[in-house]
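A short write-up of the structure that comes next.
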Protein chains: 2
Amino acid sequence: MSASTESWQERLRASGHRLTPQRELVLAAVEKLGHATPDEVYAEVRLHSESINLSTIYRTLELLNELGLIRHAHLTDRAPTYHSATGHEHAHFVCRGCKKMISVGRGEMEAALGELAATYDFSPDYGHLTVFGTCADCRED
Amino acid sequence: MSASTESWQERLRASGHRLTPQRELVLAAVEKLGHATPDEVYAEVRLHSESINLSTIYRTLELLNELGLIRHAHLTDRAPTYHSATGHEHAHFVCRGCKKMISVGRGEMEAALGELAATYDFSPDYGHLTVFGTCADCRED
DNA sequence: GTATTTGCAAAGTTTTTGCACGTGG
DNA sequence: CCACGTGCAAAAACTTTGCAAATAC
């Protein structure tokens, strides 16, 4: 975990960007929250700095996303959800009923989907896959 | 295909709704387009009726979605993508690079994921699965 | 010092809502 | 007929952009 916290600053610099407190705060917020919309990130960052602006949140999320430090998906209707990309990769089974999330190791998912993906000459983003469906508890017919 | 075109009107009526030309046009547009954002549906519907309003498109898409006649996903950044639910089910591989979508039959996807899903006692929504990744053309390293 | 980044405010997009009129059943 | 649905216009929600001041290096 310390291995990745060392390199993100370097990655910023390497790409010609500057290390600002806003960028640290946004990344920290995304990592703390796990999954969050821009608004939620803003609220979290606001707890630590009064003056940061929403547009900075958007610009920073976009930058961190480009650098691969965070990822985003559009799980809900209005608003993308961002999350850290520095932790270990895993896919999710998400229950539409109770919203429960079951984490599945990247390896298991890759083993299951690999062959099919190869057939289509496609390289899935295994560490980032979300499979919607119904869990055992919510399946009653 | 004629089997399902018979029942959607019934499904509307059964749920206490009325059969209007706007609703027919919107459903037809979604089925014709395959995948479309509300705006694209609007454009398509406009070809057939000058007077239909965008807000009607939104209201109708929401209704058809509730009735299960169409489904939607949030594949791209701004704007949900609607598609018919009356046709045959399929999953998608979506390339993050070129945005190309590869359709995969439900059966194939189920065959690949079934065992893993069973392990977790989870029932994936195979007909609506979207797997992000990179297609052959965009994979160059 | 100077090029990047930020805050602010204003504009752009997409989606929702209130209401009077129109229309399907 | 009468409740449901539609068009219209205005508002809300979300995101982007221009620019001067601030700041990282």
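Throughout, protein chains are lettered first and strands after them, A, B, ... in sequence-line order, and every chain is numbered starting at 1. Note: hydrogens, waters and symmetry copies are ignored here, and every other heavy atom, side chains too, is used.
Residues A:P124 and A:L129 have side chains not in contact (no heavy-atom distance under 4.5 Å, counting atoms from C-beta outward).
The side chain to side chain contact (heavy atoms under 4.5 Å, CB included) with A:L12 is formed by just one residue from the set A:T20, A:L19, A:L27; it is A:L19.
Taking atom CD of residue B:E62 and atom C1' of nucleotide D:dT6, one finds them 15 Å apart after rounding to whole Å. Rounded to whole Å, the distance from CD on B:E24 to C1' on D:dT6 is 15 Å. The CG atom of B:N65 sits 15 Å away from the C1' atom of C:dT15 (whole-angstrom rounding). Remark: P of C:dT16 and CG of B:L61 are 10 Å apart, rounded to the nearest angstrom. C:dA3 atom C1' lies 16 Å from atom CG of A:L19, rounded to whole Å. What separates CD1 of A:I57 from C1' of C:dC8 is a distance of 15 Å, to the nearest Å. Rounded to an integer number of Å, the gap from CD of A:E10 to P of D:dA24 is 19 Å. In this structure, CG of A:L63 is placed 16 Å from C1' of D:dT16, rounded to the nearest angstrom.
Nearest-nucleotide assignment on DNA chain D puts the 5′-proximal partner with B:G16, out of B:G16 and A:H17.
In this structure, NE2 in B:H92 is found 3.0 Å from NE2 in B:H35, a value given to the nearest 0.5 Å. To the nearest 0.5 Å, atom CG of residue A:L64 and atom CD1 of residue A:I70 are 4.5 Å apart.
Not one side-chain nitrogen or oxygen of B:Y58 sits closer than 4.0 Å to the OP1 or OP2 atom of C:dT16. For the pair A:R23 and C:dT6, the criterion of a side-chain N or O lying under 4.0 Å from OP1 or OP2 is met.
In the set D:dT6, C:dG7, C:dT5, C:dG7 carries the atom at the smallest distance from any side-chain atom of A:Q22. Among the nucleotides C:dT15, D:dG5, C:dT6, the one closest to the side chain of B:P38 is C:dT15. Picking from D:dG18, C:dT5, D:dT15 the nucleotide with the shortest atom distance to the side chain of A:R18 gives C:dT5. The side chain of A:T20 approaches C:dT5 more closely than any other nucleotide in the set C:dG24, C:dT5, C:dG25.
For a distance-only test at 3.5 Å, the side chain of A:R59 qualifies as a donor-acceptor partner of the base of C:dG7.
Using a 4.0 Å cutoff on non-hydrogen atoms, the parts of residues 41-55 of chain A near DNA chain C are A:S51, A:I52, A:N53, A:S55, ordered by number.
Among residues at least two apart or in separate chains, salt bridge (Lys or Arg N to Asp or Glu O under 4.0 Å) pairs with a member in residues 39-55 of chain B are B:K32-B:E44.
Checked against side chain to side chain contact (heavy atoms under 4.5 Å, CB included), B:Y58 has the following partners two or more places apart in sequence or in another chain: B:P38, B:L54.
Here the closest non-hydrogen pair linking A:M109 and A:A91 is CE-CB, 3.8 Å.
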